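For reference, the structure discussed in these notes is given below.
Residue numbering restarts at 1 for every chain, and letters A, B, ... go by the order of the sequence lines. Only a predicted model underlies this, so the values are computations on that prediction, with no experimental measurement involved.
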There are 2 protein chains.
Amino acid sequence: MKKRPTIYDVAERAGVSKSLVSLVLRDSPRVSDAKREAVLEAVTALNYTPSRLAAGLAGTRTRSVGVIIDDFSNLWFVEALAGLRTALAEGGYALSVADASLNAHLGIDPIEAFRALRVDGIVLAGEASAPAVARSGVPAVVLGVRDLGAELAELPVIASDEAAGGRLATMHLAVQGHRDIACVSAPGASAARRERGYCDAIAELGLTPTVVRAPDTGEAAAREVAAELLARAESAQAPRPTAVFAVNDPMAVGVIGAARELGIAVPGDLSVVGYDDSPIAAYGLVSLTSVSGDPRELGEAAGQVLIAKLEGGATQIASRSFTPRLVARGSVAAY
Amino acid sequence: MKKRPTIYDVAERAGVSKSLVSLVLRDSPRVSDAKREAVLEAVTALNYTPSRLAAGLAGTRTRSVGVIIDDFSNLWFVEALAGLRTALAEGGYALSVADASLNAHLGIDPIEAFRALRVDGIVLAGEASAPAVARSGVPAVVLGVRDLGAELAELPVIASDEAAGGRLATMHLAVQGHRDIACVSAPGASAARRERGYCDAIAELGLTPTVVRAPDTGEAAAREVAAELLARAESAQAPRPTAVFAVNDPMAVGVIGAARELGIAVPGDLSVVGYDDSPIAAYGLVSLTSVSGDPRELGEAAGQVLIAKLEGGATQIASRSFTPRLVARGSVAAY
DNA sequence: TTGTAGGCGTTATCAG
DNA sequence: CTGATAACGCCTACAA
């Protein structure tokens, strides 16, 4: 097994100095075409791949950024990641991702891992600890979560306005004539913001809020609490809702499932709105009206803000908020 | 902004030499407890994080492996990744992931990127080009796909026996008394293997195969072809199937959706089996019987095989095949 | 058990 | 424009 070719090998084969090779590789303008071609030829001939390790060590930066993701199984992150990649690719940055929940389970600190990698910047996607990242001293942006920690840490926050999304969903139902609109919520900062949007809208409309909180954000938990909510007799104090806003799509599917088991037709007898516009919402069997935060757009914005921070130097905080939109499908009917 | 502390700083503060620090960090046994503690104390006091860049450059390996994933949005990979992480964490390996489809779109070659990172090994998850990886000379294993390319390249393959899975699903339906069992398939190697399992089982049972292929692996495409399949009048030549095996869960949901639109009850008039046991299969609204390949177990196995290959030296090919199992839910009824 | 010296493959800084 | 030369931070013999 022969050793990898180095920049020396390339230089020798091309008949130039090592520095010239380095310049060509980072396409500096001040290189004669002849020499440049000679170098390029040598590179391909030797199947040479420059070492990022050495480059990072010697240079002032690694041109890499780390992304800390809460939970990979959330499709939201996948889209956001795609947006990030495209934005960062333009700046020539490579990105490496870490799964916060899993790494925690394994006893690994992703921030520490990224410091060891000497990443130029960090993107915090999800409800991870912004203060810890800020303390690490690595330039960072927070993607998708507007919480106190991030703002205290003075990190830019690129987020969807989830309260506005909750409001949007609720208003959509109200416009369809619904007045008994319930909210199936869950633990977590994200759910809390969506729920607050619901409450604000309800208050604004002069209606009575009904919030039930499932023990977790999954479909099964939502199905159970929804079953209870829908099964209760139509008493004067708490009439059965004619519409439900669930704080995420799986939970909305849980609500629909519960309704179906009780013989309540959707959208005939019950309208349902979800959140995130995940793939399941588009399934024919579900056809769920949902609020979309366009995670891809968020990801791109986060990448741009981070690049600006890294290259522009002392850029301002530059947080950005995006307003979600409603994707209407077949789970809502007029009352 | 002060510079990062280096191993020199730690050594100085602890009153020892740089090499001793290096030994402590890699917990070599031959270090006196007193010195060890002094070093550890200095490390935390200085908030020192060793540079993987420098370590990789100087050492004989980087203790990192790259994972090339076909398409992040496939939940299957998420589980497999978790398994990989746990297995590789035991060996002290860090892993970095690349998204094949997205990187291709951006014009980046993940193999090249990993070579630049000097990863010790590569895990190929999905239908990427095994030969190219083999050519790169980096030790690698293929996770989840048994195709010709990998075997020709003499890479270990850790895969679920998908043909067995297709067979399993079909037999399950046959045991329930179904005789007109159709298969809703799609393009791709994976679907092809599952479909072949179906065909084998059908042949073995002496039944007539009915395969319809959707243009892609999505729910919508499956819904359309299923609608056509189910709508056709009960002619002598092609009776309407009483059961359908779909090569993945979203497609199965598409089949159920099509049935519902046609007023065909599931599982009353039509039984459906999916594949992958994705989260949606467990949703109450869907309650889909599905074949499970246990991707997490696969991931762990792949990690172990790769570690063996990296540390054991000249280990054999050591491919491993896992037999999937059936997860029975509510979408199948006796005929 | 501890310390010393050399080198890993680049980039960056200066002279030519 | 081009070509030496010194870092970069660590590992790995080897010597003490």
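- Nearest nucleotide to the side chain of A:S19, out of C:dT10, D:dA4, C:dC8: D:dA4.
- Of the two residues near DNA chain C, B:G59 and B:G15, the one whose nearest nucleotide lies more 5' is B:G15.
- Whole-Å rounding puts the A:R36 CZ to D:dT2 C1' distance at 14 Å.
- With no hydrogens or angles considered, no side-chain donor-acceptor pair links B:T49 and B:N47 at under 3.5 Å.
- A:T62 and A:R118 are not linked by any side-chain donor-acceptor pair at a separation below 3.5 angstrom, with hydrogens and angles left out of the test.
- Distance A:R61 CZ to C:dT10 C1': 14 Å, rounded to the nearest Å.
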- Message: Could you walk me through whether B:V65 and B:I122 satisfy the side chain to side chain contact (heavy atoms under 4.5 Å, CB included) test, starting with their C-alpha distance in whole Å, then the side-chain angles of each, then the deciding distance to 0.1 Å, before giving a yes or no?
- Response: CA-CA 5 Å; B:V65 329; B:I122 288 182; over 6 Å; no
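- With D:dG9, C:dT10, C:dG3 as the candidates, the nucleotide lying closest to the side chain of B:V16 is C:dG3.
- The phosphate of C:dT4 (OP1 or OP2) has no side-chain N or O of B:Y8 nearer than 4.0 angstrom.
- When heavy atoms are screened at a 4.0 angstrom cut-off, A:R52 is found touching no nucleic acid atom at all.
- The interatomic distance linking A:L20 (CG) with C:dT11 (P) rounds to 13 Å, in whole Å.
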- Taking it one step at a time, do B:V138 and B:V133 satisfy side chain to side chain contact (heavy atoms under 4.5 Å, CB included)? CA-CA 7 Å; B:V138 181; B:V133 171; 5.7 Å; no
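- Between the P atom of C:dT10 and the CG atom of A:L25 lies a distance of 8 Å, rounded to the nearest Å.
- A straight line from CD1 of A:I7 to C1' of D:dG3 spans 13 Å, rounded to a whole angstrom.
- Using a distance-only test at 3.5 Å, with no hydrogens or angles considered, a donor-acceptor pair links the side chain of A:S101 to the main chain of A:D70.
- For A:K18 and D:dA6, the NZ to C1' distance is 14 Å, given to the nearest whole Å.
- For B:S22 and D:dC11, the shortest distance from a side-chain N or O to OP1 or OP2 is below 4.0 Å.
- Of all nucleotides listed (C:dT2, C:dT10, C:dC8), C:dT2 comes nearest to the side chain of B:K35.
- Of the candidate nucleotides C:dT11, D:dT2, C:dG9, C:dT11 has the atom nearest to the side chain of A:R26.
- Which of C:dT10, D:dT2, C:dT2 sits closest to the side chain of A:A54 comes down to C:dT10.
- Nucleic acid contact class of B:T6 (heavy atoms, under 4.0 Å, all strands): sugar-phosphate only.
- Whole-Å rounding puts the A:D120 CG to C:dT11 P distance at 14 Å.
- Rounded to an integer number of Å, the gap from CG of B:D9 to C1' of D:dG9 is 11 Å.
- Across D:dT12, C:dT10, C:dA12, the shortest atom-to-atom separation from the side chain of B:T60 is found for D:dT12.
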